[in-house]
Amino acid sequence: MDIYAFIDTLTQEQKHEFKAALALEFENDLELKINENPTKCPHCNSENVTNRGSCRGIKRYKCKECSKTFNAKTKTAFHHTKKPLETWNKYLDLMFTNQMPLRKIAKATGLNLRTAFFWRHKILNALTKIDAPKLSGIVEADETYFALSYKGQRKGIPRPSRKRGKQVKKRGISKEQVCIVTAIDRSRNTLLQSTCLGRMTIKQVTDTLGPYIASDALLVTDKHSAYPGFAKRQGLTHYALEHRTRDGSIHLQTVNSLHSQVKRFMRPFNGVATKYLDHYMAFYRWNGQDPVAALARPTASITGDELAAMPMSLK
């Protein structure tokens with residue numbers, strides 16, 4: 001992934017979206033390609049800002065409303081970073097294009113393994129801030145499950161630790177499993193989001209799927225009892241399917257295939273902590289494509305308000 005070459009292909013509006021989504025550390029040669037001036041104060045969101053000199057070659061600004069100073073990296077994933085853009089560029093290339101594991105990325109970039117881990121989740125946290133596109137036309141929805149995991153947590157675990165390869169004790173769907181609601185339309189726009197532990201309710205489906213399905217869409221699901229109530233609340237046309245239609249036009253093959261692909265994608269990570277599950281769902285959505293180019297997709301429906309600056313700390 002060549003950030004410098006890709007920037008030349010963006011419109012001015014897409015450049016602003018690209019900057020807001022990944023909050024890059026700007027250098028002199030990039031200033032000619034991207035308008036660096038922030039439009040809002042990261043502290044109070046005021047647009048009444050003014051220049052305030054520079055520090056270590058990076059321009060600073062002052063907000064006339066809250067009187068705080070900031071630069072282009074303040075309150076972003078790149079705040080306090082001391083690594084140059086080339087290191088981030090190489091890291092993104094290895095993470096997305098080459099899909100290398102963390103240990104190899106750390107060795108190739110000269111980073112500590114722990115630093116490489118935090119960089120991964122800073123980037124993925126940024127991607128979760130970009131809303132999924134609206135799903136329209138025929139939308140297939142279903143749910144898949146991952147075992148509840150406290151991986152990495154040292155204290156306060158409410159049960160004995162499970163060794164690698166051990167499964168949940170209760171058969172079927174239980175509170176030991178995290179429900180991931182998935183939806184996909186025929187344009188391959190996807191939604192993957194953790195919803196609850198165990199079986200989901202109408203309210204949980206509504207909160208998860210409601211904002212992302214167009215009002216004129218045809219919702220195709222299985223016989224789960226939560227979907228009819230959700231479709232009624234949203235005013236959607238709903239088709240509860242047991243078998244595909246005779247002509248094969250209405251089915252659940254696409255969403256079932258999505259489940260298989262997600263499970264296959266997650267397998268090399270050897271289990272992830274539940275608190276990071278949405279990060280890896282975002283990782284899957286961007287996997288196999290240039291994460292920078294994906295920002296320019298017309299289906300992304302990204303607005304400036306949705307692309308708020310990334311938080312410094314991990315959730």
Please tabulate, for side-chain N and O atoms in residues 103-116, each donor-acceptor pair with protein atoms closer than 3.5 Å (sequence neighbours left out).
{"unit_1": "T109", "atom_1": "OG1", "unit_2": "I105", "atom_2": "O", "d": "2.7"}
{"unit_1": "N112", "atom_1": "OD1", "unit_2": "R114", "atom_2": "N", "d": "2.7"}

Practice item. Please test E47 against K64 for side-chain contact (heavy atoms from CB on, under 4.5 Å), starting from the C-alpha separation and ending with a verdict. Key: CA-CA 9 Å; E47 297 183 0; K64 293 184 178 180; over 6 Å; no

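- Between F146 and T144 there is a side-chain heavy-atom pair separated by less than 4.5 Å.
- Summarising the hydrophobic clusters (Ile, Leu, Val, Met, Phe, Trp, Tyr; side-chain heavy atoms under 4.5 Å, direct or chained), the residues clustered with Y145 are I173.
- N256 contributes a side-chain N or O that, together with a main-chain N or O of L252, makes up a donor-acceptor pair within less than 3.5 Å.
- Atom NZ of K263 sits in a crowded spot, with more than 12 heavy atoms from other residues, nucleotides or ligands closer than 6.0 Å.
- With sequence neighbours excluded, no residue satisfies ring-ring contact (aromatic ring centres under 6.0 Å, His included) with Y150.
- With V178 as the fixed residue, the side chain to side chain contact (heavy atoms under 4.5 Å, CB included) test singles out one of C196, S149, S194: S194.
- Applying side chain to side chain contact (heavy atoms under 4.5 Å, CB included) to T195 and the options T208, T201, I180 leaves one that passes, T208.
- Evaluation of the salt bridge (charged side-chain N to carboxylate O under 4.0 Å, His left out) rule for D207 yields K203 as partners, not counting sequence neighbours.
- The shortest side-chain heavy-atom distance between Y91 and R120 falls under the 4.5 Å cut-off.
- Applying the side chain to side chain contact (heavy atoms under 4.5 Å, CB included) test to I138 and every residue at least two apart in sequence or in another chain returns R186, L218, V220.
- Here the closest heavy-atom approach between residue C66 and residue C44 is recorded as SG-SG, 3.7 Å.
- In terms of the side chain to side chain donor-acceptor pair (under 3.5 Å) criterion, S174 has no residue partners (sequence neighbours excluded).
- With rounding to the nearest 0.5 Å, the separation of CG in L192 from OH in Y280 is 15.5 Å.
- Atom CZ of R188 has 12 or fewer neighbouring heavy atoms from other residues, nucleotides or ligands inside a 6.0 Å radius.
- Between K62 and S67, some side-chain heavy-atom pair lies under the 4.5 Å cut-off.
- In this structure, SG in C63 is found 6.5 Å from CZ in F70, a value given to the nearest 0.5 Å.
- With sequence neighbours excluded, no residue satisfies side chain to side chain donor-acceptor pair (under 3.5 Å) with R199.
- Not counting sequence neighbours, K68 has no partner by the salt bridge (charged side-chain N to carboxylate O under 4.0 Å, His left out) test.
- When each of F117, W119, F118 is tested with H121 by the rule ring-ring contact (aromatic ring centres under 6.0 Å, His included), just one qualifies, namely F117.
- To the nearest 0.5 Å, atoms CZ (F283) and CZ (F269) are separated by 5.0 Å.
- For the side chain to side chain donor-acceptor pair (under 3.5 Å) test, no residue two or more places apart in sequence or in another chain qualifies with Q153.
- Judged as a salt bridge (charged side-chain N to carboxylate O under 4.0 Å, His left out), and not counting sequence neighbours, the contacts of K223 are E242.
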Check your understanding: Under the side-chain contact (heavy atoms from CB on, under 4.5 Å) criterion, do L258 and V262 qualify, and how do the steps go?
Key -> CA-CA 6 Å; L258 176 63; V262 171; 4.1 Å; yes

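- Across all their heavy atoms, V49 and C41 have their closest contact at CG1-N, 4.1 Å.
- With rounding to the nearest 0.5 angstrom, the CG atom of L197 is 9.0 Å from the CD atom of Q204.
- Contact between A214 and K134 at its shortest, heavy atoms only, is N-CD, 4.3 Å.
- H238 approaches A231 most closely through the heavy-atom pair CB-CB, 3.5 Å.
- For the pair T128 and R285, the minimum side-chain heavy-atom distance is 4.5 Å or more.
- Contact annotation: the side chain of W88 approaches that of I123 to within less than 4.5 Å [non-hydrogen atoms, C-beta and beyond].
- Y284 and R264 share no side-chain donor-acceptor pair at under 3.5 Å.
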Practice item. Show the numbers, then the answer: is there a side-chain contact (heavy atoms from CB on, under 4.5 Å) between Y61 and T69? Key: CA-CA 5 Å; Y61 305 88; T69 60; over 6 Å; no

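- Between E143 and C179, the shortest heavy-atom distance links the atoms CB-SG, 3.7 Å.
- The shortest non-hydrogen separation linking G271 to K151 is O-NZ, 2.6 Å.
- Under the 4.5 Å side-chain criterion, counting only non-hydrogen atoms from C-beta, L148 is not in contact with K175.
- Residues satisfying the side chain to side chain donor-acceptor pair (under 3.5 Å) test with T182, not counting sequence neighbours, are H259.
- Of the possible polar contacts, one joining the T206 side chain to the I202 backbone as a donor-acceptor pair under 3.5 Å is found.
- Other cluster members for I213: L135, V139, V181, L191, M200, V205, L209, Y212, L219, Y227, F230, L236, joined by side-chain heavy-atom distances under 4.5 Å among Ile, Leu, Val, Met, Phe, Trp and Tyr.
- Without hydrogens or angle criteria, E140 side chain to V255 main chain gives a donor-acceptor distance under 3.5 Å.
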